[in-house]
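Let me begin by presenting the structure, written as C-alpha cells, before commenting on it.
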Amino acid sequence: MCNSQPILAEQTGMSKSGLFAHFGSKEEVQLGILEHIGQIAAEHVVAPAMNVEEGLPRLKALVHNWLGWTARAGLAGGCPVAAGIFELDDNDGPVRKQLLKIESSWRSFLGQHVKQAIDLGHLHRRLDVEQFVWELCGIYLSHHASARFVRDRMADARAHTAFEALLQRAFPKSPEERKRAAGSRAIPSPGRKKKRKLVEIRKP
C-alpha cells in the first residue's frame, strides 16, 4: 500500500513531503488513497459491467474487469486494497478498519450478483454463495501475488482458468436448471472470445 503514495503525489501535482504536510499524517494519506482508489475502481470495474445483461453475463464482466484492473487504470503500484490486506493483517487502527470495510462491502456486492445469477437460473439453486465469493476472492489475491510479486506472465490466463473452473462447479445440476441456464452458459467470458473462436474454427 505504501507504493501508492508516490502515485497519489504525482496525480495531485504535489511532492511526497507536501502530500504528508497536506494530510497531516501517513495514516490520513493512506485513508485518502483508499477513498481515491474506490472512485477509480467504480469507474473501471463496476460501471462497464452495469451495461452488461444481468445475471451470469454481468458477473463474468465484473470478474473480467476486476482481474488486473489497476494496470488498465494506469496504477503502476498495483491494487492498494490487496497490498494492504497483506501489509496490515497484524495491525489495528483506522486504515485496517477501512480496508476491512471495503473488502466486506466488495464481497457483499459480488454475493448480490451471484444470488442474482442463481435467481435467473444461471447458477444452481443450492450454490453456497459465501463459499463461491470466498474462492473468487482467493483467485483475485493469488492473481495479485502472481502478477506483482512472482511476475508470472501466465497470471491472467491462470486466473481466468480458475474462474472458469469455479463456474463449472456452480452451473445448474438438474435438467430443468440446465435448460434455463443454457443461454447464459453459451455466452463467453469477456476477453476470451478470441480464443474460443479459434477452437471452434479448428473443429472438423
Side-chain angles (χ1 to χ4, degrees), residues 1-50 58-59 61-118 127-151 155 159 162-163 166:
M1 188 172 177
C2 57
N3 291 335
S4 298
Q5 293 163 19
I7 296 172
L8 185 60
E10 181 181 342
Q11 291 184 348
T12 57
M14 301 170 66
S15 65
K16 191 174 178 181
S17 59
L19 190 67
F20 280 112
H22 175 77
F23 281 94
S25 69
K26 178 181 177 181
E27 190 174 83
E28 289 185 20
V29 172
Q30 291 174 324
L31 291 171
I33 288 171
L34 291 177
E35 181 180 354
H36 184 60
I37 288 299
Q39 296 170 359
I40 298 175
E43 178 183 346
H44 286 83
V45 179
V46 178
M50 294 302 104
R58 183 172 293 177
L59 178 62
L62 275 171
V63 174
H64 172 73
N65 295 345
W66 184 31
L67 293 170
W69 73 272
T70 52
R72 294 189 295 274
L75 300 177
C79 178
V81 175
I85 287 173
F86 292 113
E87 183 181 340
L88 303 175
D89 56 348
D90 290 329
N91 293 3
D92 289 318
V95 179
R96 186 185 189 281
K97 185 177 181 180
Q98 183 62 19
L99 274 171
L100 186 58
K101 181 180 178 181
I102 292 171
E103 180 70 4
S104 298
S105 177
W106 178 246
R107 289 183 183 232
S108 176
F109 181 73
L110 289 174
Q112 291 173 12
H113 287 281
V114 174
K115 289 175 183 176
Q116 188 179 62
I118 294 171
L127 179 67
D128 185 333
V129 175
E130 290 186 5
Q131 179 66 26
F132 185 95
V133 172
W134 190 91
E135 293 186 48
L136 186 52
C137 289
I139 292 171
Y140 180 79
L141 290 176
S142 182
H143 174 269
H144 175 83
S146 296
R148 297 286 306 165
F149 183 72
V150 181
R151 297 177 184 173
F163 177 53
L166 182 61

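- Atoms NE2 and CG, from His144 and Leu141 in turn, are 8.0 Å apart once rounded to the nearest 0.5 Å.
- Rounding to the nearest 0.5 Å gives a distance of 9.5 Å between CD1 of Ile102 and CD1 of Ile85.
- Between Phe163 and Phe132, the angle of the ring planes goes over 60°, which puts this pair in the perpendicular group of the 30/60° scheme.
- Heavy-atom minimum distance, Leu99 versus Val81: CD2-CA, 3.8 Å.
- Listed by chain and number, the residues in a ring pair (Phe, Tyr, Trp, His ring centres under 6.0 Å) with Phe109 are Trp106, His113 (sequence neighbours excluded).
- Of the inter-residue distances, the one linking Glu35 atom CD with Gln98 atom CD reads 8.5 Å to the nearest 0.5 angstrom.
- Atoms CG and CG, on Leu59 and Leu136 in that order, are 7.0 Å from each other to the nearest 0.5 Å.
- A donor-acceptor pair under 3.5 Å is absent between the side-chain atoms of Arg148 and the main chain of Cys79, judged by distance alone.
- Applying the salt bridge (charged side-chain N to carboxylate O under 4.0 Å, His left out) criterion to Glu135, with sequence neighbours excluded, gives Arg169.
- The number of heavy atoms from other shown groups lying within 6.0 Å of CD (Gln131) is above 12.
- Between the side chain of His36 and the backbone N or O of Gly32, no donor-acceptor pair lies under 3.5 Å.
- Here CZ of Arg107 is found 4.5 Å from CD of Glu103. Values are rounded to the nearest 0.5 Å.
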| task | Go through Ile37 and Leu75 one step at a time and tell me if the side chain to side chain contact (heavy atoms under 4.5 Å, CB included) criterion holds. | result | CA-CA 9 Å; Ile37 288 299; Leu75 300 177; 3.5 Å; yes
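- Between the side chain of Asn65 and the backbone N or O of Ala61, at least one donor-acceptor pair lies under 3.5 Å.
- Remark: Arg96 CZ to Asp89 CG distance equals 7.5 Å, nearest 0.5 Å.
- For the residue pair Ile139 and Ala159, the shortest heavy atom distance occurs at CG2-O, 3.7 Å.
- Remark: side-chain polar atoms of Ser142 are not paired, donor with acceptor, to backbone N or O of Gly138 under 3.5 angstrom.
- Pro94 and Glu27 make their closest contact through CD-OE2, 3.4 Å (heavy atoms, listed as atom of the first residue, atom of the second, distance).
- Closest heavy-atom contact between Ala73 and Ile40: CB-CG2, 3.9 Å.
- Closest approach of Tyr140 and Ala82 over heavy atoms only: CE2-CB, 4.2 Å.
- Contact between Asn91 and Glu87 at its shortest, heavy atoms only, is ND2-O, 4.4 Å.
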